[in-house]
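Keep in mind it's a predicted model, so treat the numbers as computed, not measured.
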Amino acid sequence: MKILVIGSGGREHALVWKLAQSPRVTKLYCAPGNAGISQQATCVPIAVDDLTGLQKFAEDERIDLTVVGPEAPLALGIADLFRRNKLKVFGPTKNAARIESSKAFAKDLMIRQQIPTAESRTFESVSAAIQYLDSRPVPIVVKADGLAQGKGVVVAHTHEEAKEAVLNMLERHAFGEAGQRVIIEECIQGEEITLMAFADGKTVIPMLAAQDHKRVGDGDTGPNTGGMGAYAPAPLAIPALRYAIMREVLYPAIEGLARVGSPFFGVIYAGVMVKDGVPYVLEFNARFGDPETQVVLPLLKTDLVDVLEAVVEHRLEQLDIEWSEEAAVCVVMSSGGYPGKYPTGVPIAGLPDSISSDSVPVFHAGTAWKDDQIVTSGGRVLGVTAVSSNLAQARSKAYDTVQTINFDGQYYRNDIASRVLP
Ligand code: AMP
Ligand code: GLY
């Protein structure tokens with residue numbers, strides 16, 4: 001089978017690496033990919049939002065299956081376009097992807113389906129938003145309605161901070177169109193967990209639960225990022241909790257989407273805050289999480305091609321998905337300054353040879369080739385991942401590898417997985 005993966009981050013490197021292990025795959029392409037991905041797939045310079053360029057490539061190369069990594073092409077309707085043209089594609093339609101591309105749509109779905117979530121209101125007017133804020137206790141959460149690369153959420157500890165966030169979004173247009181509407185939401189204190197599941201419109205099969213580390217600083221301090229590290233399986237997600245998330249969140253969401261004529265095919269991602277055993281949904285995503293995928297896929301024992309194909313062909317119920325008993329930890333190494341401004345083009349030294357190692361490679365995110373050398377090209381640069389028989393060992397293996405890698409201005413959190421480990 002010829003497979004095309006769309007995207008250029010650590011998540012897509014993990015997808016490419018996993019797909020490369022399948023005996024069913026004869027040729028792998030990635031658009032546009034990155035330096036690490038280019039060692040395992042043929043990278044083609046087509047942007048993720050160039051839908052017609054991607055369609056033409058898939059037709060010309062007779063791609064058997066296209067796997068969409070990021071949210072942007074899904075929100076633009078890549079899955080609709082490919083399906084209309086009889087191209088097999090793994091990912092939800094534009095309408096179903098609204099669970100991620102519009103927080104207001106997701107909230108309506110949750111209310112209709114009685115999915116536990118924080119109480120919230122949506123505003124387009126600054127004065128109405130501020131009047132509402134004044135009537136609510138802090139901490140309080142302000143969210144841009146649309147896609148903002150994980151950065152459109154402010155957990156405000158004072159009314160001043162919350163008002164600033166509202167002004168930034170509605171008046172100063174800090175997130176462009178994504179911030180034309182804001183959601184103001186009750187702050188829920190608890191333990192955060194990610195549960196992703198494969199869904200074929202009807203059947204839903206969960207993956208292992210993972211935990212992301214969204215804040216930039218140790219001890220969960222500083223601004224939110226796209227994710228600074230992850231581990232799986234999350235010990236908090238005992239079977240009873242996974243079952244509760246399936247029953248109270250994922251099944252009702254999939255059923256609710258089917259009911260409004262937008263059946264969901266792909267990966268549904270529930271980011272939940274667990275408080276007193278109840279999983280409150282903070283966000284849905286319509287795709288694999290990043291960096292959760294970097295720790296979940298290394299633990300998947302079933303051939304990923306079989307799983308993706310079963311979703312695309314709506315026969316997930318016939319599939320048994322098997323997982324390893326091991327644990328995985330991913331430490332993200334980022335450019336100094338991220339999630340704010342950062343330099344690029346910085347040479348990276350000490351990268352292990354990803355082709356010669358048969359264990360999990362260092363997943364590349366913001367990397368590029370420059371004159372035969374791998375340099376930084378983004379905020380999140382590498383996802384150093386290790387698998388071992390338990391979380392503590394996986395963590396020390398990952399940090400051992402981090403020590404061997406070096407680039408000017410490099411930054412990483414020192415406490416990935418530490419909350420659940422001594
Ligand atoms: P989101 O992109 O909606 O997942 O939000 C990013 C992060 O902000 C989440 O991972 C949480 O850490 C935090 N967050 C979002 N909504 C809430 C909430 N209602 N209560 C507490 N924290 C939240
Ligand atoms: N890890 C958060 C996300 O993928 O959106």
K.L.:
Between Arg215 and Asp415, does any NZ, NE, NH1 or NH2 come within less than 4.0 Å of an OD or OE carboxylate oxygen?
P.N.:
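Arg215 and Asp415: not salt-bridged.
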K.L.:
Check this for me: does any side-chain nitrogen of one of Glu186 and Arg136 sit under 4.0 Å from a carboxylate oxygen of the other?
P.N.:
no
K.L.:
How long is the span from the OG atom in Ser120 to the CD1 atom in Ile111, to the nearest 0.5 Å?
P.N.:
6.0 Å
K.L.:
Return yes if some donor-acceptor pair links the side-chain N/O of Asp145 with the main-chain N/O of Val182 below 3.5 Å, else return no.
P.N.:
no
K.L.:
Could you walk me through whether Leu133 and Ile184 pass side-chain contact (heavy atoms from CB on, under 4.5 Å), step by step?
P.N.:
CA-CA 8 Å; Leu133 271 180; Ile184 299 179; 3.8 Å; yes
K.L.:
Assess whether atom CG of Asp320 is packed by more than 12 heavy atoms of other residues, nucleotides or ligands within 6.0 Å.
P.N.:
no
K.L.:
Is the shortest side-chain N to carboxylate O distance from Asp220 to Lys214 below 4.0 Å?
P.N.:
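No, Asp220 and Lys214 are not salt-bridged.
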K.L.:
Please indicate whether Gln373 has more than 12 foreign heavy atoms, meaning atoms of other residues, nucleotides or ligands, lying under 6.0 Å from its CD.
P.N.:
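For Gln373, atom CD is crowded (more than 12 foreign heavy atoms under 6.0 Å).
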K.L.:
Would you please name every residue forming a salt bridge (charged side-chain N to carboxylate O under 4.0 Å, His left out) with Arg172, sequence neighbours left out?
P.N.:
Glu164
K.L.:
Could you check whether Lys143 pairs with Glu283 (Lys NZ or Arg NE/NH1/NH2 to Asp/Glu carboxylate O, under 4.0 Å)?
P.N.:
no
K.L.:
Taking NZ, NE, NH1 and NH2 as the nitrogens, is one of them in Lys107 or Glu185 under 4.0 Å from a carboxylate oxygen of the other?
P.N.:
yes
K.L.:
Any donor-acceptor pair under 3.5 Å linking the side-chain atoms of Glu255 with those of Gln113?
P.N.:
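Indeed, the side chains of Gln113 and Glu255 share at least one donor-acceptor pair under 3.5 Å.
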K.L.:
Would Glu100 and Tyr269 count as having a side-chain donor-acceptor pair, cut-off 3.5 Å?
P.N.:
no
K.L.:
With a 6.0 Å cut-off (strictly less than), is the heavy-atom count around NZ of Lys163, excluding the residue itself, greater than 12?
P.N.:
yes
K.L.:
Please confirm whether the ring centroid of Tyr132 lies under 6.0 Å from the ring centroid of Phe123.
P.N.:
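Distance test on ring centres: under 6.0 Å, yes.
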K.L.:
Between Glu322 and Thr302, is there a side-chain donor-acceptor contact under 3.5 Å, judged purely by atom types and distance?
P.N.:
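Their side chains do not contain a donor-acceptor pair, so the 3.5 Å distance test is not met.
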K.L.:
Keeping Asp212 on the side-chain end and Gly227 on the backbone end, is there a donor-acceptor pair under 3.5 Å?
P.N.:
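No, Asp212 side chain to Gly227 backbone: no donor-acceptor pair under 3.5 Å.
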K.L.:
Under 6.0 Å from the NZ atom of Lys370, do we count more than 12 heavy atoms belonging to anything else shown?
P.N.:
no
K.L.:
So with a 6.0 Å cut-off around CD of Glu59, is the heavy-atom count from everything else above 12?
P.N.:
yes
K.L.:
Sub-3.5 Å donor-acceptor pair from the side chain of Thr367 to the main-chain atoms of His364, do we have one?
P.N.:
no
K.L.:
For a quick test of reading the model, state the closest non-hydrogen atom pair linking Val249 to Ala270 and the distance between them.
P.N.:
CG1-CB, 4.1 Å
K.L.:
Establish, from distance only, whether the side-chain atoms of Ser22 and Asp303 form a donor-acceptor pair under 3.5 Å.
P.N.:
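Their side chains do contain a donor-acceptor pair, which is all the 3.5 Å distance test asks for.
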K.L.:
Taking it one step at a time, do Met1 and Val305 satisfy side-chain contact (heavy atoms from CB on, under 4.5 Å)?
P.N.:
CA-CA 9 Å; Met1 262 175 99; Val305 178; 3.6 Å; yes
K.L.:
How far apart are the closest heavy atoms of Pro339 and Val216, and which atoms are they?
P.N.:
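Closest approach of Pro339 to Val216, heavy atoms only: CD-CG2, 3.8 Å.
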K.L.:
Is it true that, when you exclude Asp408 itself, more than 12 heavy atoms of the residues, nucleotides or ligands shown sit nearer than 6.0 Å to its CG?
P.N.:
no
K.L.:
Could you report the tightest heavy-atom contact between Tyr342 and Gly378, atom names first, then the distance?
P.N.:
CE1-C, 3.3 Å
K.L.:
Looking only at non-hydrogen atoms, find the nearest pair between Phe82 and Ala58 and report the distance.
P.N.:
CE2-CB, 3.9 Å
K.L.:
Would you call Lys202-Glu317 a salt bridge at under 4.0 Å N-O?
P.N.:
no
K.L.:
So which atom in Glu192 and which in Met273 form the shortest heavy-atom distance, rounded to 0.1 Å?
P.N.:
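Taking Glu192 first and Met273 second, the nearest heavy atoms are N-SD, 3.9 Å.
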K.L.:
Which atom names give the shortest non-hydrogen contact between Val154 and Glu161, and what distance separates them?
P.N.:
CG1-OE2, 4.4 Å
K.L.:
Parallel, tilted or perpendicular: which describes the rings of His13 and Phe363, with under 30° parallel and over 60° perpendicular?
P.N.:
perpendicular
K.L.:
Cation-pi check, Lys27 to Tyr29: give yes when NZ or CZ is under 6.0 Å from the six-membered ring centre and within 45° of the ring axis, no otherwise.
P.N.:
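Positive - Lys27 is close enough to the ring of Tyr29 and near enough to its axis.
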